[in-house]
Undergrad: 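This structure is in structure tokens; I'll ask about it shortly.
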Amino acid sequence: MASMTMAQWLMAAGAGCLWLGGQIVWVGGMPRQLRGGEVPSGEPGSERAFMLFWLDQYSYLGITLALAGGALLLWGALR
């Protein structure tokens with residue numbers, strides 16, 4: 001089996017992060033704070049507020065993974 005160069009590793013890792021982050025954003029949607037219009041919320045301490053908070057965190061994780069994956073992919077391509 002042939003060994004991979006650093007650029008190939010960066011591109012493979014970047015493509016994986018980009019793919020996973022894109023799937024998370026696809027399923028979770030954009031965080032409420034980044035959407036236009038009225039922001040849905042729940043009463044503080046309620047189950048709805050708790051679930052909306054974690055859905056936002058999940059969405060931010062997807063955005064971060066997608067951006068980091070794109071950066072790694074670009075870095076590997078330019079290397």
Side-chain angles (χ1 to χ4, degrees):
M1 182 163 79
S3 61
M4 292 177 62
T5 66
M6 179 59 97
Q8 291 171 328
W9 276 110
L10 289 171
M11 291 177 67
C17 288
L18 185 61
W19 176 257
L20 181 60
Q23 287 181 326
I24 290 173
V25 172
W26 181 277
V27 171
M30 292 297 283
R32 292 174 299 145
Q33 294 81 2
L34 300 180
R35 292 185 210 155
E38 189 175 332
V39 177
S41 62
E43 186 175 327
S46 69
E47 182 178 349
R48 176 174 166 76
F50 178 76
M51 296 305 290
L52 287 171
F53 168 77
W54 283 111
L55 185 58
D56 288 338
Q57 298 308 303
Y58 183 67
S59 299
Y60 280 121
L61 174 67
I63 290 170
T64 303
L65 273 172
L67 290 175
L72 284 173
L73 197 57
L74 185 62
W75 186 21
L78 296 177
R79 192 175 162 114

Undergrad: What pairs of residues pass the salt bridge (Lys or Arg N to Asp or Glu O under 4.0 Å) test when at least one of them lies in residues 38-50, not counting sequence neighbours?
TA: none
Undergrad: Give the other cluster members for V27, using side-chain heavy-atom distances under 4.5 Å between Ile, Leu, Val, Met, Phe, Trp and Tyr residues; answer none if it is isolated.
TA: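 Noted: V27 shares its cluster with W26.
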Undergrad: If hydrophobic residues (ILVMFWY) are linked whenever their side-chain heavy atoms come closer than 4.5 Å, directly or via other members, who joins F53 in its cluster?
TA: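 Answer for F53: F50, M51, W54.
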Undergrad: For R32, which residues count as a side-chain hydrogen bond (donor to acceptor under 3.5 Å, both in side chains) partner, sequence neighbours excluded?
TA: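 Scan of R32 (side-chain hydrogen bond (donor to acceptor under 3.5 Å, both in side chains), adjacent residues dropped) gives D56.
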Undergrad: For residues 61-79, please give each side-chain donor-acceptor pair under 3.5 Å, one per line with the distance, not counting sequence neighbours.
TA:
{"unit_1": "T64", "atom_1": "OG1", "unit_2": "Y60", "atom_2": "O", "d": "2.9"}

Undergrad: Which atom pairs, one a donor and one an acceptor, fall under 3.5 Å between side chains of residues 5-19 and the rest of the protein, sequence neighbours left out?
TA:
{"unit_1": "T5", "atom_1": "OG1", "unit_2": "Q8", "atom_2": "N", "d": "3.3"}
{"unit_1": "Q8", "atom_1": "OE1", "unit_2": "T5", "atom_2": "N", "d": "2.9"}

